[in-house]
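Reviewing the structure listed below.
Computation of the quantities below employed the complete heavy-atom set of this structure, encompassing side-chain atoms and omitting hydrogens, waters and symmetry-equivalent molecules.
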Protein chains: 2
Amino acid sequence: MNDRKQHVIKKAHQLFIEKGFQATSIQDILDFSGISKGTFYKYFSSKSELLIAIYKTTFKQLQKERNDLLIGKSPSDIEIFIKQVEMQMISNRKNKLIALYEEVMSTNDADLKHYIRFTRLRSLRWMFSRFIDIFGEKNKPYLLDCAIMFQGIMQHNLQYNRLATDSNEKISSVVRYSVSRLVKLVEEVAEADEQLHPPELLEKWLPGLQKNNHELIDRFYKIVNPMRNCIPKHFQDKNAQEKYHELLDFIQEEIMHTRAPRKFLIESALQTLQNNPADIWKKELLQLNQIINAFFQQLEENEEEEH
Amino acid sequence: MNDRKQHVIKKAHQLFIEKGFQATSIQDILDFSGISKGTFYKYFSSKSELLIAIYKTTFKQLQKERNDLLIGKSPSDIEIFIKQVEMQMISNRKNKLIALYEEVMSTNDADLKHYIRFTRLRSLRWMFSRFIDIFGEKNKPYLLDCAIMFQGIMQHNLQYNRLATDSNEKISSVVRYSVSRLVKLVEEVAEADEQLHPPELLEKWLPGLQKNNHELIDRFYKIVNPMRNCIPKHFQDKNAQEKYHELLDFIQEEIMHTRAPRKFLIESALQTLQNNPADIWKKELLQLNQIINAFFQQLEENEEEEH
DNA sequence: AAAGTGTTTAAACAGGGGGTATAAAATATG
DNA sequence: CATATTTTATACCCCCTGTTTAAACACTTT
């Protein structure tokens with residue numbers, strides 16, 4: 001993306017954090033970022049679209065950090081989840097995302113509203129899938145409810161905590177407190193066998209999300225991380241271990257952070273992984289292949305849009 | 001209050017419900033309620049103040065209904081609490097209060113924001129005091145946290161429930177589900193002995209609320225209702241029972257719904273209550289006297305403001 | 001019934017916002 | 001150097017909130 005455009009996004013975000021979305025006029029943004037009105041409307045078709053661009057960049061950042069916390073760790077480890085939530089809450093507060101969400105819901109802009117709704121549902125879906133990691137498939141019927149309630153608990157606890165003590169240091173303890181409640185809540189609701197929202201609703205709310213970019217990245221991590229974790233178990237040779245780590249690193253780096261990933265190199269790496277002497281990862285590599293294909297397909301579609 | 005003004009408030013609320021606060025222009029309100037701009041600005045100094053007027057009337061209504069549900073019932077009965085919450089949630093949805101709250105928080109109007117914050121804290125305080133009724137003084141240290149979390153749980157459950165099924169019929173089951181979780185939550189958090197927010201915070205957040213009108217009315221009910229409930233126990237004579245009910249009814253009616261309550265009549269009624277042969281209600285009547293005095297004092301202050 | 005009082009109306013006005021169009025200036029590309 | 005593209009500055013449109021003003025209206029007092 002254009003450097004200058006990125007600069008405008010940054011400056012505008014700064015203004016939105018300080019003054020709010022509505023209270024910041026386009027003129028303010030022009031003055032603060034030192035561009036002209038013409039350029040602004042060349043980059044963004046409206047103020048709303050600028051806001052969406054801000055969301056997208058901050059979300060990308062958050063997603064990367066969130067997934068990096070999982071590398072080499074067990075997805076069922078609740079301490080990792082706590083770290084992830086904590087990181088997310090700090091990011092939310094720093095970027096005033098919640099306030100901006102709420103502000104947006106009161107605009108007339110249907111697209112913007114739709115995007116926010118989508119974002120929140122995606123966040124809910126992430127939490128749901130993490131809950132399955134942590135609390136197991138057997139609790140699945142209750143975990144959508146738990147995700148909904150946990151988000152409510154977190155949000156309200158943080159909100160009033162902010163009113164009580166205006167420091168950011170306490171976020172950690174609020175998260176720990178809320179997660180403690182969550183653990184008992186899951187137990188309790190499974191015991192009582194009460195369900196308010198069946199998890200199938202998520203697919204109704206987010207149809208065709210499998211093809212979405214962010215979703216693909218999350219699924220990618222979900223497969224690659226366990227593969228990483230079981231390398232030491234299957235290969236005693238230090239060199240072999242390093243080799244497979246390098247291969248996975250390479251694929252991840254190429255997919256995540258390269259504008260134009262080199263398809264053949266990735267395929268070659270996948271082939272090498274497949275030929276491992278321990279003959280493991282058959283299922284994983286199949287899924288990985290699917291994801292990477294979907295990823296390239298999506299990349300092509302994006303290019304078509306640009307021309 | 002002026003009939004015409006009340007009419008404008010009603011029509012404007014209707015528009016706000018349909019289109020939202022920001023999306024409704026003052027011109028829309030003028031057209032829809034059939035008044036001119038001059039009149040509008042005679043009634044309300046701004047659109048924000050009109051919104052506050054809307055809040056005040058709907059809150060008054062809600063408070064009345066909420067307290068009426070308690071008459072003759074035990075405050076510790078959780079079924080009554082469920083009915084109260086249900087009623088509140090239906091009112092919230094019908095009047096789109098939550099959406100309007102959120103919308104307002106994104107305006108620049110400091111007064112409006114302040115008022116909303118005050119309203120939410122008052123609602124939290126009400127819930128906290130009801131929790132003490134229900135779960136007992138012994139759980140008090142944890143009940144502010146529980147009130148905060150319960151509000152979060154309620155709000156999120158309702159929000160997603162609305163997304164799933166667009167009907168209002170389900171509100172009842174969502175409330176029941178949420179209250180079930182609440183009961184276990186209180187148990188659990190008391191057992192674990194974990195506290196996030198000490199209840200004293202409420203007094204810091206809502207200083208001098210004892211003098212506030214709404215608060216006085218709530219405290220009034222809190223004292224009168226138990227008095228009502230113990231009439232049959234202390235007086236066997238049907239006539240005596242009816243007499244004391246009538247006296248309490250009279251005071252309540254005079255305080256609640258009369259523009260200019262007749263002070264001497266109320267004092268006389270209080271005196272008669274005090275002379276009851278069973279010689280009960282000493283403490284209650286003392287408190288009642290305090291409240292009524294505060295009430296009249298506030299009434300005088302309001303009159304001074306008007307002149 | 002007439003005069004005087006306050007209330008309501010209609011209309012014009014100011015100031016500011018988002019978004020569009022266009023001609024001139026600056027910058028990049030061959 | 002010449003051409004093509006991007007960027008700028010500015011004027012313009014329409015809509016919004018909030019103020020002001022003079023005229024029309026209603027209602028009380030005499």
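- With ring centers used as reference points, B:F220 lies 6.0 Å or more from B:F295.
- Nucleic acid contact for A:S48: none, since no nucleic acid atom lies under 4.0 Å from a heavy atom of the residue.
- Following rounding to the nearest Å, B:R4 (CZ) and D:dC25 (P) show an atom-to-atom distance of 14 Å.
- Between the side chains of A:Q155 and A:Q151, not a single donor N or O lies within less than 3.5 Å of an accepting N or O.
- In this structure, A:Y41 atom OH and D:dT10 atom P are separated by 18 Å, rounded to whole Å.
- Sorted by residue number, the members of residues 27-39 of chain A with any non-hydrogen atom under 4.0 Å from DNA chain D read A:G34, A:I35, A:S36, A:G38, A:T39.
- Counted by atom type alone, B:N67 and B:Q63 present zero donor-acceptor pairs between their side chains at under 3.5 Å.
- Separation of the A:Y160 and B:W205 ring centroids falls under the 6.0 Å cut-off.
- Here B:Y43 lies in heavy-atom contact (under 4.0 Å) with sugar-phosphate atoms only.
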Practice item. Mind running side-chain contact (heavy atoms from CB on, under 4.5 Å) on B:M154 and B:V174 for me, showing each step along the way? Key: CA-CA 8 Å; B:M154 263 311 337; B:V174 177; 4.2 Å; yes

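- Nucleotide D:dT17 holds its P atom 16 Å from the CD atom of B:E49, rounded to whole Å.
- For B:D109 and D:dT17, the CG to C1' distance is 12 Å, given to the nearest whole Å.
- In the 5' to 3' direction, nucleotides of DNA chain C lying under 4.0 Å from heavy atoms of chain B begin and end at C:dT7 to C:dT9.
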Exercise for review: Go through the steps to decide whether A:H197 and B:N157 satisfy the test side-chain contact (heavy atoms from CB on, under 4.5 Å), and finish with yes or no.
Suggested key: CA-CA 9 Å; A:H197 304 98; B:N157 274 340; 4.2 Å; yes

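- Side chains of B:S48 and B:D109: a donor on one and an acceptor on the other come within 3.5 Å.
- A salt bridge is defined here as a Lys NZ or Arg NE, NH1 or NH2 lying under 4.0 Å from an Asp or Glu carboxylate O, and A:K19 with A:D28 meets this definition.
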